[in-house]
Amino acid sequence: MRYLFLLLPLLLFSKTVEIDKTLSPNYYFLGDTLEGLDDNISISGNAVLINSGYFVTAQSAKYDKERRLLHLKGGVKILKDGTLALSSEEVFLDLRDDNAFAKPFFIQDHSTGIWVTSSQANFNKDRYDFGRVAASSCSLENPFWRFEASEGYLDTNTKWLHLYNPKIYIKDIPVFYMPYLFLSTNRERTSGLLMPKTALSEKDGLMYMQPFFYAPSLNWDVEFRPLMMSNRGGGLGLEFRFIDSLDSSGSFYAGYYSDMDDYKEKNGLKNSDHYGYGLYYQSSSFLEKYSRYIQDDGLYVDANFVNDIDYLNIEDFENEYYSKERTVTSKLNYHIKDDDDFYGLYARYFIDTSKHNNKNTIQNLPTLNYHRFSKPIFFDNLLYSLDMNFKNFTRGEGYRAREYNIDIPVSIYFPLLNDYLTLGIKQSLYFSQVNYDDMELIDYGRFLRTYHEISLKSDLIKEYKDFDHVLNLSMDYVLPGIKGKEGLFMDIIELPNERERLNFGIDQYAYDKKSNLKLYHRLKQSIHLDSSKYRYSNLKSEFGYFIDDELKFDFDFEYSFEESKISNIKTYLDYKKDGYGIGFGHFYRDIGGEEPKRDSFLQLSANRDFRDFTIYGNLGYDYENDRFKNYEIGIGKEERCFYYRLAYKRSLTPIMTSFGSDSFEESFLFFEFRFVPLGGLSYKFLDNTKDSNEF
């Protein structure tokens with residue numbers, strides 16, 4: 001579109017001539033001054049050549065009718081089919097054969113940012129041939145990295161750039177040479193090799209993964225990830241991704257890795273074969289598009305299976321952080337709703353990788369939910385709703401349970417004091433029935449409770465000279481009414497709070513005149529009125545202050561009246577300015593009970609951004625146990641055209657042995673670089689130490 005605006009004044013104030021009727025399609029010239037219209041044509045000042053495929057601009061131009069040769073000089077730019085074909089100071093263009101010669105030569109692909117420049121180049125239809133050439137995706141002036149080659153060519157159909165004897169330069173320092181290199185300037189999904197992943201481990205030896213990407217269609221692709229471990233074994237992982245409609249997509253993954261016998265025996269592993277598979281799928285309109293009776297529905301599936309935690313460790317070997325989660329969770333959510341009703345189907349399946357088998361792990365298969373949205377009764381401010389659930393808790397060994405519950409709240413709201421205050425009155429009925437299997441004595445539980453609730457809420461806003469203050473106040477009084485409870489309720493059954501209580505809440509926020517949040521404070525407290533013992537629940541407070549654009553202070557705490565002590569504290573100060581970043585925090589947790597446990601550690605993080613690199617580090621010190629909890633130091637940089645990082649870090653990795661779950665301490669050196677969008681390499685050196693349950 002912008003070229004149309006450039007062309008418009010030339011059409012209004014320039015002379016136009018059809019330069020050669022024998023050419024097809026015909027070419028037209030525009031310019032300030034035209035000479036020699038009968039034979040050769042010479043134009044000076046804002047020369048423009050147009051036809052159905054080309055748009056050419058230059059300071060001057062000459063056209064030789066006999067040889068059909070066009071000579072362009074001064075700021076030459078040739079656009080073909082709406083994209084820049086080349087930029088040069090002098091171009092000879094053969095209109096008969098669609099050939100061109102340019103010196104110097106410059107072209108840039110705007111989708112990838114890759115540019116190519118050379119002292120001269122020949123263009124023949126869909127191919128550029130050039131002599132000594134430089135290429136990069138960084139800025140043209142002082143690029144961070146670039147290729148320099150003795151010669152090469154660019155195929156505009158395949159969008160492959162071929163370079164002979166290329167050298168890679170970081171700034172002005174040559175770092176790598178190869179006899180031949182070809183790379184794609186195409187941002188479209190294309191089959192081919194991806195960035196390799198490498199690591200060197202004391203335990204596993206040289207680890208090398210070379211992914212291959214196969215994309216035969218726009219709506220699906222497959223990534224193959226073969227892995228070799230010189231001291232351990234190897235295997236293959238794959239991931240299949242697909243899009244089946246505008247509002248649904250999914251993926252399937254699978255992997256299998258095998259250990260050598262001596263590796264299994266040396267490390268005392270339970271399994272020599274590690275495998276897993278999973279399915280992910282989401283749709284915001286699963287059945288709606290097939291049935292006119294369904295107004296709104298959605299499906300979410302995240303199903304996973306692994307035979308042990310070593311599968312996760314192997315799959316994540318190339319990442320900076322190992323997967324520390326010992327429980328693998330599968331989820332299924334499906335709902336149908338309309339303006340009045342909501343129907344839900346849920347399922348949860350857990351694999352505890354710290355156990356030798358999963359027979360006694362409780363699964364939630366399935367949960368059924370029906371919810372009636374709040375609706376008025378008789379008049380607008382009298383509302384009711386309904387919530388019903390069925391939960392099936394099952395497992396291979398041990399007791400199983402089925403729970404049925406229903407919750408029916410009815411509420412009425414009154415605005416008071418000219419809408420400064422809202423009074424709410426709510427009456428709720430809750431009933432739960434639980435039936436157990438494989439219980440020796442009591443095989444059921446029954447619970448009935450009514451609740452009376454009165455609430456007062458106020459939302460206030462006040463403007464000051466320099467800031468605006470928002471204040472939300474709330475108070476709820478909850479009085480349990482009729483109660484009936486008999487039978488047994490195991491820990492997996494969640495019952496509502498049965499105590500008479502007052503709930504207080506204060507939320508306040510301060511905004512500057514540009515609507516930027518400057519301060520927030522949230523405070524919550526419950527008072528139990530039915531007992532003098534443990535009368536107060538934990539007092540929770542969250543405070544944050546944006547001192548200025550660079551400095552932020554957070555202070556959160558939780559006080560336990562039951563234990564008469566602070567149970568949680570988080571204090572954190574974060575400062576960022578002029579390329580510096582410093583974070584300092586203190587974290588404290590005190591778990592009461594018969595065997596109290598305290599966690600208390602300091603965390604320090606810092607980074608300094610220089611022109612060509614950033615240095616960063618993290619340090620955690622556990623002064624309860626007088627040890628370093630974690631540490632990391634690294635250097636890196638991320639820009640539009642490149643990314644690199646070198647980091648040293650210590651971590652704890654869980655494994656499954658013949659005797660049960662264990663872990664080993666591991667320090668590693670991680671290196672990764674990428675030339676955007678060409679790809680790169682990552683490398684990780686691991687120092688594995690003996691098994692340990694803590695750092």
Side-chain angles (χ1 to χ4, degrees), residues 203 232 235 237 251-259 263-264 267-281 300-317 319 321-333 345-367 391-403 434 436-439 488-494 589 591 593-595 597 599 651-666 688 690-695:
K203 289 172 80 272
R232 182 170 187 171
S251 62
F252 171 79
Y253 76 87
Y256 176 83
Y257 305 96
S258 180
D259 296 335
Y263 181 92
K264 177 190 175 185
N267 292 277
L269 298 181
K270 176 192 174 187
N271 303 311
S272 60
D273 298 323
H274 316 284
Y275 52 88
Y277 50 84
L279 172 68
Y280 172 84
Y281 184 77
Y300 174 85
V301 178
D302 186 6
N304 304 278
F305 174 82
V306 299
N307 73 320
D308 63 16
I309 200 167
D310 264 297
Y311 171 80
L312 301 177
N313 295 333
I314 295 173
E315 276 278 295
D316 290 343
F317 92 90
N319 294 335
Y321 300 95
Y322 272 84
S323 173
K324 307 295 192 305
E325 190 65 48
R326 294 178 181 267
T327 301
V328 177
T329 304
S330 296
K331 304 176 183 179
L332 182 146
N333 300 338
L345 168 65
Y346 310 97
R348 297 291 185 271
Y349 186 83
F350 306 97
I351 299 176
D352 189 343
T353 59
S354 66
K355 299 178 179 179
H356 274 184
N357 63 66
N358 212 45
K359 294 181 180 180
N360 62 354
T361 302
I362 293 180
Q363 315 295 348
N364 187 193
L365 300 172
T367 291
K391 299 179 181 179
N392 183 49
F393 300 98
T394 185
R395 55 181 170 177
E397 295 179 353
Y399 74 88
R400 296 176 296 279
R402 297 175 302 281
E403 179 191 9
V434 182
Y436 297 98
D437 294 329
D438 296 331
M439 297 290 286
L488 178 66
F489 287 89
M490 304 298 289
D491 292 339
I492 60 173
I493 307 300
E494 296 182 7
R589 183 179 63 167
I591 303 174
E594 297 180 359
E595 298 180 0
K597 178 183 177 183
D599 291 327
S651 66
L652 193 67
T653 300
I655 59 173
M656 173 59 69
T657 70
S658 301
F659 304 100
S661 64
D662 206 340
S663 58
F664 62 87
E665 183 182 333
E666 172 174 271
N688 314 110
K690 64 181 180 180
D691 293 350
S692 172
N693 285 321
E694 59 183 14
F695 285 141

[X] side chain to [Y] backbone, donor-acceptor under 3.5 Å:
X    : Y    : result
Q363 : F350 : yes
S272 : K264 : no
R395 : I362 : no
Y436 : L488 : yes
D308 : Y311 : yes
N357 : K359 : yes

Could you give the distance from [atom1] ([X]) to [atom2] ([Y]), rounded to the nearest 0.5 Å?
X    : Y    : atom1 : atom2 : result
N333 : L345 : CG    : CG    : 8.5 Å
I314 : H274 : CD1   : NE2   : 4.5 Å
T327 : I351 : OG1   : CD1   : 10.0 Å

State whether [X] and [Y] are salt-bridged, where the test is any N-O pair (Lys NZ or Arg NE/NH1/NH2 against Asp/Glu carboxylate O) under 4.0 Å.
X    : Y    : result
R402 : D437 : yes
D302 : R348 : no
R400 : D438 : yes

Exercise. What do the steps show when you test Y399 against I492 for side-chain contact (heavy atoms from CB on, under 4.5 Å), and what is the final call?
Worked result: CA-CA 11 Å; Y399 74 88; I492 60 173; 3.9 Å; yes

For this session: Could you go through the side-chain contact (heavy atoms from CB on, under 4.5 Å) check for N304 and Y253 one step at a time?
Result: CA-CA 9 Å; N304 304 278; Y253 76 87; 3.0 Å; yes

Exercise. Any side-chain heavy atom of K391 within less than 4.5 Å of one from N364?
Worked result: yes

Exercise. With a 4.5 Å heavy-atom cut-off, do Y349 and T329 have their side chains touching?
Worked result: no

For this session: List the steps, then state whether side-chain contact (heavy atoms from CB on, under 4.5 Å) holds for N392 with T367.
Result: CA-CA 6 Å; N392 183 49; T367 291; over 6 Å; no

Problem set entry | Pair D273-Y257, side chain to side chain donor-acceptor pair (under 3.5 Å): steps then yes or no | CA-CA 6 Å; D273 298 323; Y257 305 96; over 6 Å; no

For this session: Kindly determine whether Y300 and Y280 satisfy ring pair (Phe, Tyr, Trp, His ring centres under 6.0 Å), including the steps that lead there.
Result: CA-CA 8 Å; Y300 174 85; Y280 172 84; 5.7 Å; yes

Problem set entry | Enclosure of Y275 OH (heavy-atom neighbours >12, cutoff 6.0 Å) | no

Exercise. Below 6.0 angstrom between ring centroids: does that apply to Y277 and F252?
Worked result: no

For this session: Decide salt bridge (charged side-chain N to carboxylate O under 4.0 Å, His left out) for R232 and D259; before the verdict, give the C-alpha distance in whole Å, the side-chain angles of both, and the deciding distance to 0.1 Å.
Result: CA-CA 5 Å; R232 182 170 187 171; D259 296 335; 2.7 Å; yes

Problem set entry | Chi angles and distances behind the side chain to side chain donor-acceptor pair (under 3.5 Å) call for D352, T361 | CA-CA 7 Å; D352 189 343; T361 302; 5.1 Å; no

